[in-house]
Participant: 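Please see the structure below; I have some questions.
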Protein chains: 2
Amino acid sequence: MKLSKKAEYALRAMILLAGSYRTGLLRIQDIAKREKIPQKFLENILVEIKTAGLIRSKRGAAGGYEFCMPPQKVTLAQVVRVIDGPLAPLSCVSRYAHISCPDEKKCKLKRVMLEVRNAVARVLEQVTFADICSENVQPMRGET
Amino acid sequence: MKLSKKAEYALRAMILLAGSYRTGLLRIQDIAKREKIPQKFLENILVEIKTAGLIRSKRGAAGGYEFCMPPQKVTLAQVVRVIDGPLAPLSCVSRYAHISCPDEKKCKLKRVMLEVRNAVARVLEQVTFADICSENVQPMRGET
DNA sequence: ACAATTCTCTACTAAATTGGTAGAGTATAA
DNA sequence: TTATACTCTACCAATTTAGTAGAGAATTGT
């Protein structure tokens with residue numbers, strides 16, 4: 001059930017980018033240094049997110065990356081899906097990767113795993129990068 | 001966020017074993033055949049689950065595997081943890097693999113990922129193999 | 001025009017993980 | 001004592017993960 005390092009890097013980079021939405025572009029090297037992410041690796045990651053249409057870039061001196069749209073329009077789920085693929089623990093319960101179970105009816109696991117997928121999606125699809133950046137911390141539901 | 005094939009096999013095998021609790025032992029080959037799991041692979045899996053203390057075995061003719069305790073005492077989470085490790089998407093939010101974040105306070109991701117972990121745990125720690133085996137299907141909370 | 005800067009694109013790679021397989025060994029029942 | 005069924009050690013190929021290398025292209029400032 002773990003996120004890849006790549007996805008974690010992606011999320012951290014996006015949090016920084018969200019923080020400087022409108023204040024200007026952020027350079028790969030600055031993000032890399034601040035979050036201690038290998039720079040060349042981060043380049044690959046940002047290109048993937050850019051290809052997905054969540055951020056855009058400008059080259060040359062005074063270049064860098066920025067959000068395409070306000071951070072409250074982008075959820076953590078979008079980034080996780082771009083980097084790590086579907087949220088579903090079994091591909092047969094993914095809303096995007098539509099692969100049907102061989103034994104559609106008998107599959108009792110499917111029901112539970114769909115609940116898991118939905119539980120994860122409820123969190124990640126609801127939280128935006130604006131939420132994450134806002135300083136006033138909201139009370140957390142759930143256990144401890 | 002995906003389960004490994006191994007964990008899926010483990011869950012399916014455990015569902016069968018739960019179904020024949022008290023009716024007798026189940027042989028590896030029978031489980032393998034019914035669930036279309038490579039037999040030698042399943043052997044490894046069952047030994048892991050046995051080592052974790054969830055099932056026990058008997059050797060020789062008329063041997064096989066069975067639950068150590070009633071299926072309503074065993075949750076899906078227990079099996080998933082044995083095979084795939086912690087449920088947490090980041091190891092710093094696992095309740096079991098206690099690894100602290102480098103930047104404990106600044107880590108805004110942690111809060112959200114803890115919510116994800118809790119959401120997953122709430123489902124998997126609540127559902128037992130007895131639940132999964134019971135024929136009367138319960139209505140599902142959440143989306144669709 | 002040109003140099004410095006910064007993103008871009010193709011390619012490569014080492015290490016870990018995943019998803020198995022092989023085969024000899026040991027316990028049990030009939 | 002033989003057939004059956006789990007056990008244990010070891011191995012392995014393919015894929016994924018987590019990067020690295022380096023030349024190229026766009027942009028800015030001089």
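Residue numbers start from 1 in every chain, and the chains themselves are labelled A, B, ... in the order their sequence lines are given, proteins ahead of strands.
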Participant: Output all residues satisfying ring-ring contact (aromatic ring centres under 6.0 Å, His included) with F67(A), sequence neighbours left out; order by chain, then residue number.
Facilitator: F129(A)

Participant: When you measure from the side chain of S20(B) to the backbone N and O of T23(B), does any donor-acceptor pair fall under 3.5 Å?
Facilitator: no

Participant: For Q39(B) and dG20(C), give me the distance from atom CD to atom P, rounded to whole Å.
Facilitator: 14 Å

Participant: At their closest point, which heavy atom of M69(A) faces which heavy atom of G53(A), and how far apart are they?
Facilitator: CE-O, 3.6 Å

Participant: In terms of side-chain geometry, is the basic nitrogen of E8(B) or R12(B) positioned less than 4.0 Å from the acidic oxygen of its partner?
Facilitator: yes

Participant: V127(B) versus T75(B): any side-chain heavy-atom pair under 4.5 Å?
Facilitator: no

Participant: Touch check for L46(A), heavy atoms < 4.0 angstrom, all strands: base, sugar-phosphate only, or nothing?
Facilitator: nothing

Participant: Without swapping roles, check the side chain of D84(A) against the backbone of R81(A) for a donor-acceptor pair under 3.5 Å.
Facilitator: no

Participant: To check you understand the geometry: which heavy-atom pair defines the closest contact between A32(A) and Q39(A), and what is its length?
Facilitator: CB-CA, 3.9 Å

Participant: K5(A) versus I83(A): any side-chain heavy-atom pair under 4.5 Å?
Facilitator: no

Participant: For the pair made of CD in E43(B) and P in dA24(C), what is the distance, rounded to whole Å?
Facilitator: 15 Å

Participant: Considering only heavy atoms from C-beta outward, does the side chain of E66(B) approach that of I55(B) to under 4.5 Å?
Facilitator: no

Participant: For nucleotides 11-18 of chain C, tabulate all protein N/O to nucleotide N/O atom pairs closer than 3.5 Å, reporting atom names and distance.
Facilitator:
none

Participant: Short of 4.0 Å, heavy atom to strand atom, which residues of residues 57-67 of chain B count as contacting DNA chain C?
Facilitator: K58(B), R59(B), G60(B), A61(B)

Participant: Expressed in angstrom and rounded to an integer, what is the separation of L25(B) atom CG from dT28(C) atom P?
Facilitator: 13 Å

Participant: Without decimals, in angstroms, what is the distance between R27(A) CZ and dA4(C) C1'?
Facilitator: 12 Å

Participant: Round to the nearest Å and state the distance from R56(A) atom CZ to dA26(D) atom C1'.
Facilitator: 17 Å

Participant: I want to verify a distance call: between dG19(D), dA18(D), dA21(D), whose nearest atom is closest to the K40(A) side chain?
Facilitator: dA21(D)

Participant: Establish, with yes or no, whether the OP1 or OP2 oxygen of dG20(C) is under 4.0 angstrom from a side-chain nitrogen or oxygen of Y9(B).
Facilitator: yes

Participant: Please classify the nucleic acid contact of K50(B) as base, sugar-phosphate, or nothing, using heavy-atom distances under 4.0 Å.
Facilitator: sugar-phosphate

Participant: To the nearest angstrom, how far is E48(A) atom CD from dG19(D) atom P?
Facilitator: 14 Å

Participant: Rounded to whole angstroms, how far apart are CG on L17(B) and P on dC6(D)?
Facilitator: 11 Å

Participant: Check the distance between dC7(C)'s C1' and I55(A)'s CD1 and give it to me in whole angstrom.
Facilitator: 11 Å

